[in-house]
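First up is the structure itself, then whatever we jot down about it.
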Amino acid sequence: PRFCFGDGSINSATGNMRGRGGVWRRVLEVTSACELIYYASDDKDSPPRGIISLEDCKLRAPCKYVGTDNQIVPHVLLASAERSASVRHHRWWIKRDYYFAFKTPSELREWKTAIIRAKEMATDASFERVRLSPGVGVLDAKVQDAAENEDEDSQLARAKASATARLASSFSSLVNRLTLRAEPTSGVIYMLGCPYDAAAAGTSISDPRSRKSMSGFARDLHSRLWFTYRRDFRPIIPTACTTDTGWGCMLRSGQMMMAEGLIRHYLGREWRFDPHRPPRKEYVSVLRLFEDDPCAPFSIHKIAQFGMHYGKEIGEWFGPSTVCQVLKFLFETGPIEDVGYVLSDDGVVYRDVVRSACTCKGTGAASWKACVIVIPLRIGVDTLNPEYLPKLAAFLEFPQSIGFVGGRPRSSFYFVASRGATEVYFLDPHTTQDHKPMDKRCETSSFHCEQLKRMAFTELDPSLAVGFYCADEAEFNDLCVRLVDSQPDMYPIIQVQDQRPEYNEAADAGIDEDDWEDGTL
């Protein structure tokens, strides 16, 4: 699609923009990474001129644009971008307005709808500066100096190569997402072990203030705790960081899966959040465990700080295995004594290890306590092995399931539901909200999501972590049976064995997350 763009006056009759430096014709592309890329012409070989982040980008239409010759131009869409980058100028822009002029009102409406859909469907909502390599964007002074020393042809060639590689890698992802625009009309959706008819479920709450308007699926969704980016909390010592925006998505995903296990323990799977009634004390107690406060046992502060023991600096992305290791340490040293935490870091559930973690020896006979079992996995090399998809989807059908965390490199989500081995549904932490102190007047609605996003199973990164909750020994034995029965072939994702073999644990490297962390997956 061709449209007008620029800072100068517009000749609305021809649809061209007469800006600084002459008449320009632009081509716009909306990518699956929540970005707008615009080109200088409709020539396929032309390099991109700039990239606009759609995250936090505000749209306004209809908007009238007054050009330099005082000509009023109709059919203009104003995009107020928080972050954008100019290829031509090799720099970032902060809070910059972009004007897109279209020939007809219908064309304007179509593009506005397309942009809104891209924002809603984007699974990589955070604008990653690492995407803009030299020639496309500037990350620091050294890179900028190197770019300035190159001739223009080299810069444009590198810009073209970078943009081409980025778009090629996201093409299949974009196609998959476009096929998921319509709501599912058939099949069964399993949310953490509970089945719902796909046609009646939907993926959003039409009116969260009315209990009658909410389907069982919507009420179940609205009852899951939703932890997102927050801003303006107390600094994470020893840094001055007061927000986790841009780097804390895996930490928030791990919090959500852990909170689901605790909600399951203290309130049960049948519990539903009701905003019209005073919250139960068990619910408030769980919520306070994850408060964004340095003293909270599972706060973003504690996770980020103890991540330093695993080689992760504050503000650095975590992988699934790292966040599970940190949460295990915090769980074992925290105030919760009636729930065990078992980390199966080699993809095997050992019965003796679980029994040891769940056995409570008191004055009388030994008793069994509840436990959360977390299993970091890597089910593929560069991409997720499609043969494992039915098995992974089956895990979400187990009554013991508390979901799994994963997603994409440097972009994590909390997955809670699936429709067969085709679609997987998730809670997205990539929304920045204000810090909410957990006092008596705290409004808890910001901890519950009203819309569930979805993506194709084939888009998942092979690195992830699956979680289960077992209230007693009977549920654990049932889980072991389900794990074996759901994977009858020779290549199970998760194995079950009676006893953990004795070997040198110091030599066990666990799951290598280098590919996840540097974004090469």
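Since the model is a prediction, treat every value here as computed from it, not as a measurement.
The side chain to side chain donor-acceptor pair (under 3.5 Å) test with Tyr469 singles out one residue from Gln400, Arg264, His265, and that residue is His265. The ring pair (Phe, Tyr, Trp, His ring centres under 6.0 Å) with His430 is formed by just one residue from the set Phe227, Trp247, Tyr229; it is Tyr229.
The aromatic ring centroids of Tyr414 and Phe426 lie 6.0 Å or more from each other. Ring centroids of Phe273 and Tyr283 are separated by less than 6.0 Å, placing the two rings close together. Aromatic rings from Phe290 and His301 are positioned such that their centres are separated by 6.0 Å or more.
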Verify salt bridge (charged side-chain N to carboxylate O under 4.0 Å, His left out) between Asp352 and Arg355, making sure each step is shown before the conclusion. CA-CA 5 Å; Asp352 63 330; Arg355 288 194 179 96; over 6 Å; no
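In this structure, the side chains of Leu460 and Leu389 stay at 4.5 Å or more apart for every pair of heavy atoms. Residues Phe233 and Pro437 have side chains not in contact (no heavy-atom distance under 4.5 Å, counting atoms from C-beta outward). Two residues are said to be in side-chain contact when any heavy atoms from C-beta on lie closer than 4.5 Å; Val416 and Ser401 fail this criterion.
A salt bridge is defined here as a Lys NZ or Arg NE, NH1 or NH2 lying under 4.0 Å from an Asp or Glu carboxylate O, and Asp220 with Arg269 meets this definition. The pair Arg408-Asp461 fails the salt-bridge criterion, with no side-chain N (NZ, NE, NH1 or NH2) lying under 4.0 Å from an Asp/Glu carboxylate O. A salt bridge between Arg482 and Asp485 is absent, with no side-chain N of the basic residue lying under 4.0 Å from a carboxylate O of the acidic one. Using a cutoff of 4.0 Å between basic side-chain nitrogens and carboxylate oxygens, Arg252 and Asp292 are scored as salt-bridged. Note on Asp434 versus Arg230: no salt bridge recorded, every NZ/NE/NH1/NH2 to OD/OE distance being 4.0 Å or above.
Remark: side-chain polar atoms of Glu260 are not paired, donor with acceptor, to backbone N or O of Arg224 under 3.5 angstrom. Using a distance-only test at 3.5 Å, with no hydrogens or angles considered, a donor-acceptor pair links the side chain of Lys369 to the main chain of Glu337. The backbone N or O of Phe298 lies less than 3.5 Å from a partner atom in the side chain of Gln255, making a donor-acceptor pair. Proximity of a side-chain donor or acceptor of Gln305 to a complementary backbone N or O of Ile236 within less than 3.5 Å is not detected. With hydrogens and angles ignored, the 3.5 Å screen pairs no side-chain donor or acceptor of Glu459 with any backbone N or O of Met455. Glu291 contributes a side-chain N or O that, together with a main-chain N or O of Met438, makes up a donor-acceptor pair within less than 3.5 Å. In this structure, the side chain of Trp317 does not engage the main chain of Lys312 through any donor-acceptor pair within 3.5 Å. Distance alone, capped at 3.5 Å, places no donor-acceptor pair between the Thr322 side chain and the Phe318 backbone. A donor-acceptor contact shorter than 3.5 Å links the side chain of His448 to the backbone of His222.
Every pair passing side chain to side chain donor-acceptor pair (under 3.5 Å) that includes a residue from residues 384-397 is listed here, sequence neighbours excluded: Lys391-Asp489.
Judged purely by distance below 3.5 Å, without hydrogens or angles, the side chains of Gln433 and Thr228 pair a donor atom with an acceptor atom. At a cut-off of 3.5 Å, with distance as the only test, a side-chain donor of Ser412 or Ser253 sits close to an acceptor on the other residue.
Considering all non-hydrogen atoms of both residues, Phe413 and Ser411 come closest at CZ-OG, 3.6 Å. A pairwise comparison of heavy atoms in Leu327 and Gly254 identifies CD1-O, 3.6 Å as the closest pair. Contact detail for Ser486 and Leu483: the closest heavy-atom pair is OG-O, 3.4 Å. Nearest heavy-atom pair, Cys324 versus Leu343, reported as atom, atom and distance to 0.1 Å: CB-CD1, 3.8 Å. The nearest pair of heavy atoms linking Ala296 to Lys302 is O-CG, 3.3 Å. The heavy-atom pair separating Ser344 from Ile373 by the smallest distance is OG-CG2, 4.3 Å.
Using the six-membered ring where Trp is involved, Tyr341 and Phe331 have ring planes that are tilted, between 30° and 60° apart.
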